[in-house]
Enquirer: 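Just dropping this structure here.
Position 1 is the first residue of the sequence, and the numbers go up from there.
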Amino acid sequence: MDMVLAFFTFAFALWLGLYLIQRDPHKRRLRYSGFGLIAYALALAADSLSPYAGDPSLAASLAQVNRALIFLPAVFWTAAAFSLTDEPPSFRHFDLVVGTLAVVLFIMGLAGDTAYTIADILATILLLAALVKAWRFARQLQFRRRVGILITAALFFSLTMGLIILYLDWLPRDLLLFTLGFDLPFLGFAIAALDAFDEGEALLPDALRSLVISAFAALLFGGLIALGIALNGATTFPLAALLFGITAAAILLQVYGATLQAVADRLALRRQPGMVQARAELRAAADALPRLNPSLDLLNLNEDEFARLTRRAISHMSDLPRLAASPLTQLPIIEARLKARGVQANTLERAAELKSLLTECILRLKPEGVVLAKGDFGTTGEWRHYNALYFPYVVGLRPYSQNHHADDLSETERMALAWFRAEVPERTLHNWQNAAAKLIAQQLMEVSYA
């Protein structure tokens, strides 16, 4: 592949992969889509650097790394396909299985022909499983346009990946590798658009802002290396490797600029925690604004759509910057409550007021007239909706996390944590939370229409 074309394809794939992960690292579908793009970008870099390696053994090693890395997009796309819904995976160690499978296929790709053939077969099976899962998911959805885009992207990606990993000589490998540079971002954007629709957020303003800043940084720093290559009169391996490395570093610094600024603040301003907090809030407000969807008419949404957005907002209650991007912050009741308190309706104040309103709605789910000797906690059916939202989202319990300990919890919270772990399967809790979110949505619609 031409060096210039490979460079721009590498930079775009790397940016999109990092952007998808940064957009919401807690969501598997975004995280694994991002990992797949990053793996492709690294494979493309290895393929592009191989012709400039003066040492034949180095060139062979880079070609081998390229062959091994190209399996990873298939693994990560399969993981993303099985994570398209927010339901808990059927087995708890999902991430561990995906990571192990990626490492195994990578090692097999580096091994001899026999292991490589087995890796081909495994990767093909994964692609077929991903297509079946994506198709089943698409049949359950109602927004046909986005479903069509997702399935089309999945088909093109799977076809190109199949031709590459099976090493069929129908088309040149360089052409297939370049074609994958279109298919994989197409698939990544399709999943990002699906996620943005699910959250009620805007995608393009935020993505374009990130792309423009990253492109400027990549061209600024990468351009200096390109100038060195032009002055040198020839492309050498060290300069080519430096070009890809500097470009990757520039994109990484821009995509994760806010995170790096937060780390720098904590180090440089550790004796001024108030200033650190204030700067963090300002960055959060600035990052949330491009994600707000001004075209969404909240008061004319049907009940299912409103309940879905309410469920998303509840899941972000512990993360004020993420909650700030929720379209529910634009509800008239939020502005009315802030006005009644004499508070200016800025982004973070809206998010804080939405959190307060959601907390009040959750507290109303608590059964009335129930007095228990062991405190405000019960395990009967009338308590399930309150328990499902209050303890995970208001208190902050993480029942199924191995790292969540009960050392700093009250007696009631310890009992609730033990009850969740012993009596409530993760999928059951998920179903209770969805049902409870519909009740919260009804409350919000009642006060909004009042």
Side-chain angles (χ1 to χ4, degrees), residues 21 24-33 35 75-76 78-101 129-130 132-134 136-137 140-141 191 194-195 198-199 304 307-319 322-323 358-359 361-362 365-367 376-410 412-441:
I21 297 172
D24 193 341
H26 302 294
K27 287 193 173 180
R28 286 191 176 97
R29 57 187 174 189
L30 293 179
R31 188 168 71 241
Y32 284 126
S33 297
F35 287 160
V75 176
F76 293 132
T78 303
F82 278 82
S83 305
L84 286 173
T85 64
D86 287 335
E87 294 185 6
S90 55
F91 47 93
R92 189 169 296 180
H93 303 292
F94 182 81
D95 294 330
L96 179 61
V97 171
V98 173
T100 302
L101 190 57
V132 171
K133 185 65 177 178
R136 288 181 176 178
F137 170 74
Q140 301 172 2
L141 301 181
I191 293 178
L194 186 69
D195 180 77
D198 214 23
E199 294 281 353
D304 290 338
R308 179 174 54 79
L309 295 179
T310 302
R311 177 70 180 92
R312 292 287 179 269
I314 292 172
S315 68
H316 297 317
M317 284 180 62
S318 61
D319 188 352
R322 289 291 291 119
L323 189 61
L358 290 172
T359 302
C361 292
I362 290 172
L365 296 178
K366 181 179 175 182
D376 293 333
F377 171 66
T379 58
T380 58
E382 60 187 351
W383 283 84
R384 66 179 181 273
H385 292 147
Y386 171 78
N387 290 342
L389 295 184
Y390 177 77
F391 289 104
Y393 298 119
V394 178
V395 176
L397 293 185
R398 291 176 295 160
Y400 311 106
S401 172
Q402 299 297 323
N403 298 324
H404 192 78
H405 303 292
D407 299 339
D408 299 327
L409 302 180
S410 67
T412 299
E413 292 165 358
R414 287 195 189 95
M415 288 190 297
L417 182 62
W419 175 70
F420 278 121
R421 289 176 171 175
E423 304 293 339
V424 183
E426 189 172 0
R427 190 173 297 277
T428 299
L429 177 61
H430 180 81
N431 293 334
W432 288 356
Q433 288 172 341
N434 287 341
K438 291 182 179 180
L439 299 177
I440 301 298

Enquirer: At what distance, to the nearest 0.5 angstrom, does CD1 of I314 lie from CG of L309?
Expert: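 Spacing of CD1 (I314) from CG (L309) equals 11.0 Å.
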Enquirer: I need the L389 CG to I362 CD1 distance, nearest 0.5 Å.
Expert: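 That separation rounds to 5.0 Å.
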Enquirer: So do K366 and W383 actually touch side chain to side chain, heavy atoms under 4.5 Å?
Expert: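 When only atoms from C-beta onward are counted, K366 and W383 do touch, with a gap below 4.5 Å.
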Enquirer: Using modelled atom types only, decide if a donor and an acceptor are shared between the side chain of N387 and the backbone of G378 within a distance under 3.5 Å.
Expert: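 Yes; judged by distance alone, with no hydrogens or angles, the pair exists.
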Enquirer: Quick test of your reading of the model: are K27 and D198 salt-bridged, counting only N-O distances below 4.0 Å?
Expert: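 Salt bridge: no.
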Enquirer: What residues, two or more places apart in sequence or in another chain, satisfy side chain to side chain contact (heavy atoms under 4.5 Å, CB included) together with L439?
Expert: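 Partners of L439 by the side chain to side chain contact (heavy atoms under 4.5 Å, CB included) criterion, ordered by chain and then number, come out as L365, H385, Q442.
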Enquirer: Among residues at least two apart in sequence or on other chains, which ones pass side chain to side chain contact (heavy atoms under 4.5 Å, CB included) with R31?
Expert: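 With sequence neighbours excluded, R31 shows a side chain to side chain contact (heavy atoms under 4.5 Å, CB included) to R28, F35, D95, given in chain and number order.
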Enquirer: For W432 versus A388, what's the shortest heavy-atom pair and its separation?
Expert: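 So the minimum-distance heavy-atom pair works out to CB-CB, 3.8 Å.
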Enquirer: With sequence neighbours excluded, what pairs up with D24 under the side-chain hydrogen bond (donor to acceptor under 3.5 Å, both in side chains) test?
Expert: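 Counting only residues at least two positions away or on another chain, D24 forms a side-chain hydrogen bond (donor to acceptor under 3.5 Å, both in side chains) with R322.
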Enquirer: Using 0.5 Å steps for rounding, measure from the OG atom of S315 to the OH atom of Y393.
Expert: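 Rounded to the nearest 0.5 Å, the OG-OH separation comes to 5.5 Å.
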Enquirer: Can you give me the closest heavy-atom contact between S83 and Y32, atom names plus distance?
Expert: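 Looking at all heavy atoms of both residues, the shortest contact is OG-CD1, 4.4 Å.
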Enquirer: Which residues satisfy the side chain to side chain contact (heavy atoms under 4.5 Å, CB included) test with T359, sequence neighbours excluded?
Expert: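 Only M317, K355, L363, V394 meet the side chain to side chain contact (heavy atoms under 4.5 Å, CB included) criterion with T359.
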Enquirer: With V395, which residues qualify under side chain to side chain contact (heavy atoms under 4.5 Å, CB included), at least two apart?
Expert: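 For V395 the side chain to side chain contact (heavy atoms under 4.5 Å, CB included) partners, ignoring immediate neighbours, are Y390, F391, L397, E413.
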Enquirer: Determine whether D195 and R29 satisfy the following criterion, side-chain contact (heavy atoms from CB on, under 4.5 Å), listing intermediate values before the conclusion.
Expert: CA-CA 8 Å; D195 180 77; R29 57 187 174 189; 2.9 Å; yes
Enquirer: Could you tell me which non-hydrogen atom of L323 sits nearest to which non-hydrogen atom of A313, and how far apart they are?
Expert: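 The pair with the smallest heavy-atom distance is CD1-O, 3.4 Å.
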Enquirer: Please report the shortest heavy-atom distance between A130 and A81, naming the atom on each side.
Expert: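 So the two residues come closest at O-CB, 3.7 Å.
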Enquirer: Nearest 0.5 angstrom please: R308 CZ to K438 NZ, how far?
Expert: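 Going from the CZ atom of R308 to the NZ atom of K438 covers 12.5 Å.
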Enquirer: Hey, is the main chain of P399 close enough, under 3.5 Å, to the side chain of R421 for a donor-acceptor pair?
Expert: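 Checking the backbone N and O of P399 against the side chain of R421, a donor-acceptor pair under 3.5 Å is found.
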Enquirer: For residues Y400 and L429, determine if any side-chain heavy atom of one lies less than 4.5 Å from a side-chain heavy atom of the other.
Expert: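 The answer is yes; the side chains approach within 4.5 Å.
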Enquirer: Given 3.5 Å as the limit, does a donor-acceptor pair link the side chain of T428 with the main chain of V424, or not?
Expert: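 Answer holds: no.
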Enquirer: Taking all heavy atoms of A80 and all of S33, pick out the closest pair and write down the distance.
Expert: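 Smallest interatomic distance, heavy atoms only, reads CB-OG, 3.7 Å.
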